[in-house]
Amino acid sequence: MDRKRRLHRHLYPHLNTKTCKIQNKKDEWCERVEEIVAVPMNGCKFLGFNDDVVRVEEIVLQHFAQEENGSWEGIHSENRIWSTFFVLLLWDIIFDETIPDVFQTKYQSIPLDFCTDSFYLSRKCK
C-alpha cells in the first residue's frame with residue numbers, strides 16, 4: 001500500500017471503511033461481510049486502487065478485479081444492457097410503421113406515442 005493511502009487510512013479511519021447492507025431472502029437486513037476501503041476525494045470521487053480519481057462504481061469494479069477478491073471482470077452500464085435487450089426484443093412492435101401519425105420524419109429515434117397511454121392501445125391487436 002502506498003504511503004499516501006496508508007497515511008490517509010490512519011488519519012481518517014472513519015472515512016476509509018464503507019460498508020453496505022444487503023437484504024436476504026427472508027426480508028431481514030444483514031451486514032455484508034465485504035468491505036471496500038476507498039480514499040474519498042472531492043465530491044463523489046475516490047482515489048482508485050491504481051491511484052486514478054474515479055467514481056464509486058469504478059472503485060467497486062477495481063476492488064473485485066483484484067486477485068484476492070476473485071479476479072472478477074465487470075462493466076458499469078446503468079441498465080443500458082437491459083434497455084437495449086428490451087428494444088431489440090420488441091423492435092417490430094415499437095417501430096411499427098403501419099400505425100398512423102407516430103413517425104413524422106425519418107430522423108425520429110422513437111415513435112411520438114412511445115411514452116403515452118395510446119402506445120399500448122394502438123399496438124395491442126398486432
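All residue numbers in this chain count up from 1 along the given sequence.
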message: Assess the residue pair Val54 and Leu61 against the criterion (side-chain contact (heavy atoms from CB on, under 4.5 Å)); give the C-alpha distance rounded to whole Å, side-chain angles, the decisive distance to 0.1 Å, and a yes or no.
response: CA-CA 11 Å; Val54 295; Leu61 288 173; over 6 Å; no

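Taking the six-membered ring where tryptophan is involved, the planes of Phe95 and Trp91 are tilted, since the angle between them lies from 30° to 60°.
Minimum heavy-atom separation, Phe114 to Ile94: CE1-CG2, 3.9 Å.
Note that CG of Asp52 is 7.0 Å distant from CD of Gln62, once rounded to the nearest 0.5 Å. Rounded to the nearest 0.5 angstrom, Leu112 CG and Ile99 CD1 are separated by 12.0 Å.
Residues satisfying the side-chain hydrogen bond (donor to acceptor under 3.5 Å, both in side chains) test with Thr116, not counting sequence neighbours, are Ser118.
Looking at Gln108, its side chain does come within 3.5 Å of a backbone N or O of Thr105 through a donor-acceptor pair.
Heavy-atom contacts from other residues, nucleotides or ligands closer than 6.0 Å to CD1 of Ile81 number 12 or fewer. In the displayed structure, Glu97 atom CD is contacted under 6.0 Å by at most 12 heavy atoms of other residues, nucleotides or ligands.
Asn79 places none of its side-chain heavy atoms less than 4.5 Å from the side chain of Phe86.
Under a hydrophobic-cluster definition in which Ile, Leu, Val, Met, Phe, Trp and Tyr are linked whenever side-chain heavy atoms come within less than 4.5 Å, directly or via other members, Leu90 and Val102 are assigned to the same cluster.
None of Thr98, Asp96, Asp113 except one satisfies the side chain to side chain donor-acceptor pair (under 3.5 Å) rule with Arg123; the exception is Asp113.
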